[in-house]
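Report on the following structure.
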Amino acid sequence: MNWSEFFYMGGYAFYVWTAWGITAFALCWLFLQAKLSNAKIKSEIIRQIAREAILSENNADSN
Amino acid sequence: MNILSSIWKAVSRGFHRLGSPREFYTISNYLTPVFGALFLVLSLIGSYYALFVAPADYQQGDSYRILFVHVPSAWLSLFIYVVMASAAAIGLVWRMKMAFVVAICSAPIGAAFTSLALATGSLWGAPIWGTWWEWDARLTSELILLFLYFGVMALYYAFEERRTAERAMAVLAVVGVVIVPIIHFSVEWWSSLHQGATVFREGGPAMPPSMLTPLIYMALGFTFFYGYILFLRARNMVLSNERKSKWVRALLQPQTLQPQGLPSKILQAESGKEGTQ
């Protein structure tokens with residue numbers, strides 16, 4: 001079997017490749033979205049910890 | 001009997017450990033990459049056999065290769081709903097924090113697979129049935145499933161208070177589970193364009209091994225993918241929900257974890273000092 005025949009899919013190329021393509025796209029999207037929101041949540045919490053560290057430091061200075 | 005009771009004790013201890021967000025975070029740290037790796041291996045092998053090795057169908061030619069993404073998506077759209085509804089029920093009955101997390105994190109994944117099942121089915125129907133969409137029992141009930149997933153998500157995000165949101169979402173998820181048998185049996189109860197069950201049916205699968213094997217690989221691979229994404233999302237939600245707890249703070253202390261040197265920069269900028277020696 002050669003490659004052009006393979007991509008031709010017996011004339012159903014558009015339907016088969018679109019179906020496989022949107023599936024691959026959706027799985028990648030689910031993965032990336034989970035990874036991005038992980039980075040976002042972690043940096044939010046780290047910022048919060050840093051902010052509170054400064055506040056307690058300033059309080060210690062003024063006392 | 002002693003062995004049985006000790007097994008039961010071990011299982012219930014494991015269940016209780018997973019029920020605590022902190023323990024879940026620790027255990028899932030090891031399980032998550034395993035699920036991801038299993039997904040990759042199974043779906044790559046499955047794709048290879050589905051696209052290169054399996055023969056063309058004698059009636060539908062190569063168009064039937066959509067089956068290898070359509071059936072696993074459809075299977076997961078139902079499987080995820082059952083997991084979500086069970087988790088929601090456990091959360092409602094035993095007030096388990098992690099059960100609600102599993103339920104709400106499953107909803108968007110389920111919605112994604114339901115959309116995929118509908119879209120790939122439409123792409124298959126266009127050349128074979130001659131129509132992209134028909135208001136037939138199987139297609140319509142699957143569309144209702146998609147709206148149920150959206151409803152569960154919308155209900156959760158509609159409430160400010162998390163406890164209320166969790167309970168409201170869980171009630172809808174549990175009530176909506178009636179759609180699952182309706183979808184499964186829709187092709188038997190009503191006359192439908194959609195074909196009947198070919199894998200889970202009386203008398204075994206009506207499919208040659210050359211087609212059935214890659215399908216099983218794909219279905220298993222997709223199921224592990226669901227587990228993988230569920231763990232990733234649940235870990236995010238646990239971090240977010242428990243952000244005030246000591247263990248999350250210890251985990252993300254600037255001394256132990258410094259992504260992009262963020263904390264020290266913020267420290268300098270926000271304190272307005274020259275340095276923090």
Side-chain angles (χ1 to χ4, degrees), chain A, chain B residues 36 39 43 47 50-52 56 60-66 68-70 72-73 105 108-109 112-113 115-116 119-124 126-128 222 225-226 228-229 231-233 235-237 239-240 243-244 248-249 251-254 257-260 262-267 270-271 276:
Chain A
M1 185 174 71
N2 63 37
W3 284 105
S4 64
E5 201 182 309
F6 171 69
F7 287 116
Y8 184 62
M9 275 289 154
Y12 295 107
F14 169 75
Y15 303 103
V16 173
W17 295 123
T18 312
W20 278 71
I22 56 172
T23 306
F25 176 82
L27 300 198
C28 290
W29 181 76
L30 282 171
F31 170 75
L32 284 178
Q33 199 217 9
K35 286 288 179 189
L36 287 177
S37 79
N38 182 266
K40 195 172 153 238
I41 289 164
K42 276 186 176 162
S43 83
E44 266 175 28
I45 298 173
I46 289 169
R47 273 163 200 270
Q48 181 64 30
I49 294 172
R51 215 175 288 127
E52 284 168 18
I54 297 155
L55 279 177
S56 64
E57 201 176 284
N58 288 350
N59 284 344
D61 285 353
S62 60
N63 285 339
Chain B
F39 152 68
S43 64
S47 298
L51 291 172
F52 293 95
Q60 303 193 6
D62 282 316
S63 74
Y64 94 101
R65 290 185 204 279
I66 294 173
F68 299 110
V69 288
H70 174 71
S73 303
C105 289
I109 315 174
F113 278 110
S115 313
L116 275 181
T120 55
S122 195
L123 281 158
W124 196 0
I128 298 303
F222 276 36
F225 181 80
Y226 160 56
Y228 177 59
I229 300 295
F231 273 143
L232 288 181
R233 297 188 77 106
R235 284 166 67 79
N236 291 347
M237 191 167 264
L239 278 186
S240 180
R243 63 175 67 203
K244 298 237 157 52
V248 169
R249 301 195 142 231
L251 200 72
L252 296 177
Q253 269 305 314
L257 192 84
Q258 265 192 334
Q260 305 107 36
L262 195 64
S264 60
K265 268 185 197 162
I266 292 172
L267 266 171
E270 293 193 8
S271 64
T276 46

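Below, chains carry the letters A, B, ... as their sequence lines are ordered, and counting in each starts from 1.
- Rounded to the nearest 0.5 Å, atoms CG (L252(B)) and CD1 (I46(A)) are 5.0 Å apart.
- With a 4.5 angstrom heavy-atom cutoff, I22(A) touches chain B via backbone and side-chain atoms both.
- Proximity to chain A (any heavy atom under 4.5 Å) is shown, for S115(B), by neither the backbone nor the side chain.
- The residue among G121(B), P72(B), S47(B) with the most heavy atom pairs within less than 4.5 Å of chain A is S47(B).
- The structure places CD of Q33(A) at 4.5 Å from CZ of R233(B), a figure rounded to the nearest 0.5 Å.
- Neither the backbone nor the side chain of Y64(B) comes within contact range of chain A; no heavy atoms are under 4.5 Å apart.
- Proximity to chain B (any heavy atom under 4.5 Å) is restricted, for K35(A), to the side chain, taken from C-beta onward.
- Only the side chain of I229(B) comes within less than 4.5 Å of a heavy atom in chain A; its backbone stays farther off.
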*Any chance you could lay out the side-chain contact (heavy atoms from CB on, under 4.5 Å) test for Y8(A) and D62(B), step after step, and finish with the verdict?*
CA-CA 9 Å; Y8(A) 184 62; D62(B) 282 316; over 6 Å; no
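- In this structure, CG in L232(B) is found 10.0 Å from CG in L30(A), a value given to the nearest 0.5 Å.
- Taking the six-membered ring where tryptophan is involved, the planes of W3(A) and F52(B) are perpendicular, since the angle between them exceeds 60° and thus also 30°.
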*Quick one: do F68(B) and W20(A) satisfy side-chain contact (heavy atoms from CB on, under 4.5 Å)? Show the steps, please.*
CA-CA 9 Å; F68(B) 299 110; W20(A) 278 71; 3.8 Å; yes
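- In this structure, the portions of L27(A) lying under 4.5 Å from any heavy atom of chain B include both its backbone and its side chain.
- If you take CD on Q253(B) and CD1 on I45(A), they are separated by 11.5 Å, rounding to the nearest 0.5 Å.
- Rounding to the nearest 0.5 Å places CZ of R235(B) at 12.0 Å from OG of S37(A).
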*Under the side-chain contact (heavy atoms from CB on, under 4.5 Å) criterion, do L251(B) and K42(A) qualify, and how do the steps go?*
CA-CA 10 Å; L251(B) 200 72; K42(A) 276 186 176 162; over 6 Å; no
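- Pairing each heavy atom of R65(B) with each of V16(A), the nearest pair is CB-CG1, 4.3 Å.
- Atom CD1 of I66(B) and atom CH2 of W17(A) lie 10.5 Å apart (nearest 0.5 Å).
- A donor-acceptor distance shorter than 3.5 angstrom exists from the side chain of N236(B) to the backbone of A34(A), with no hydrogens or angles considered.
- Looking at residues two or more places apart in sequence or on another chain, you find a side chain to side chain contact (heavy atoms under 4.5 Å, CB included) between F14(A) and T18(A), L123(B), W132(B).
- Nearest approach of L116(B) to A26(A), heavy atoms of both residues: CD1-CB, 3.8 Å.
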